[in-house]
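Below is one structure, written out as structure tokens; comments come after it.
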Amino acid sequence: MNKLFPNAKAALDGIVADGQLLAVGGFGLCGIPEALIAALRDSGTKGLTVISNNAGVDGFGLGQLLETRQIRKMISSYVGENKEFERQYLANELELEFTPQGTLAEKLRAGGAGIPAFFTRTGVGTLVAEGKEIREFDGQQYVMERALNPDVALVKAHIADKSGNLIFRRTARNFNPACAMAGKVTVVEVEQVVEVGELDPDSIHLPGIYVHRIVHNPNPEKRIEKRTIRPAA
């Protein structure tokens, strides 16, 4: 099956809608699906709840959707370098569900594995645990966390074959596989597309069973969140 779509707009047609729960891969600006985020902005969908480690930076990545007020709520572990994210949250213009980073990753992984909930010690005795079930195991208290199953997942990979088998590039793998597995519909943006059979099966990081649509973006901007340099020797 050829899952390749001609562009990001076409890849989102018919699957994004107002009020949806979306998961977006990436960590800061590393491994974000740039073209898909821009297409989501241009689609005009609003009232979105977005699961992502953070919301990019001002004017780029998910920061674009904050500026256009398309995001109603963020489920994140880090406000990061995005001043508009911080401003909207402090002004009560944006809902925010702060989630410990490891718990966020596990909520997505559990959703992809068909596990509805799990117990963790992280957050016990803090605001994170308020209103949640607490249970004792082996003398220790644990808080129950529900899995996440987004309506749509937008992810970034380095290479895909036309059936959706994926290879990620180094740290750009980050939250992308977990988002892809958890999504009810998963759209992946890739830099290279190859024919089925060209990828070494042992090199595939995520099988195509989790991927529904592919868009080819061979020249992403890959903006650097914080550029640091050192003087020449």
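All residue numbers in this chain count up from 1 along the given sequence.
At most 12 heavy atoms of other shown residues, nucleotides or ligands fall within 6.0 angstrom of atom CD1 in I209. The environment of Y89 atom OH is sparse: at most 12 non-hydrogen atoms of other residues, nucleotides or ligands sit within 6.0 angstrom.
Residues L104 and L148 form a side-chain contact, since some pair of their non-hydrogen atoms from C-beta on lies under 4.5 Å apart. Between E84 and D58, the closest side-chain pair of non-hydrogen atoms falls below 4.5 Å.
A salt bridge between R109 and E106 is present, with a side-chain N of the basic residue lying under 4.0 Å from a carboxylate O of the acidic one. For the pair R87 and E93, the salt-bridge criterion is met [side-chain N within less than 4.0 Å of a carboxylate O]. Using a 4.0 Å cut-off between a side-chain N of Lys or Arg and a carboxylate O of Asp or Glu, E34 and R223 do not qualify as a salt bridge. Electrostatic pairing of E133 and R146 does not count as a salt bridge here, judged by no charged N lying under 4.0 Å from a carboxylate O. Checked for salt-bridge contact, K107 and E145 meet the test: a charged N lies under 4.0 Å from a carboxylate O. Salt bridge D18/K46: present, at least one basic N to carboxylate O contact under 4.0 Å.
Judged by distance alone, with hydrogens and angles left aside, the side-chain atoms of N82 form no donor-acceptor pair with the main-chain N or O of N54 at under 3.5 Å.
Ring-plane geometry between Y142 and F137 is classed as perpendicular, the angle between the planes exceeding 60 degrees on a 0 to 90 degree scale with a lower cut at 30. In this pair, F27 and F175 present their aromatic rings parallel. The plane angle is below 30°, not in the 30 to 60° band.
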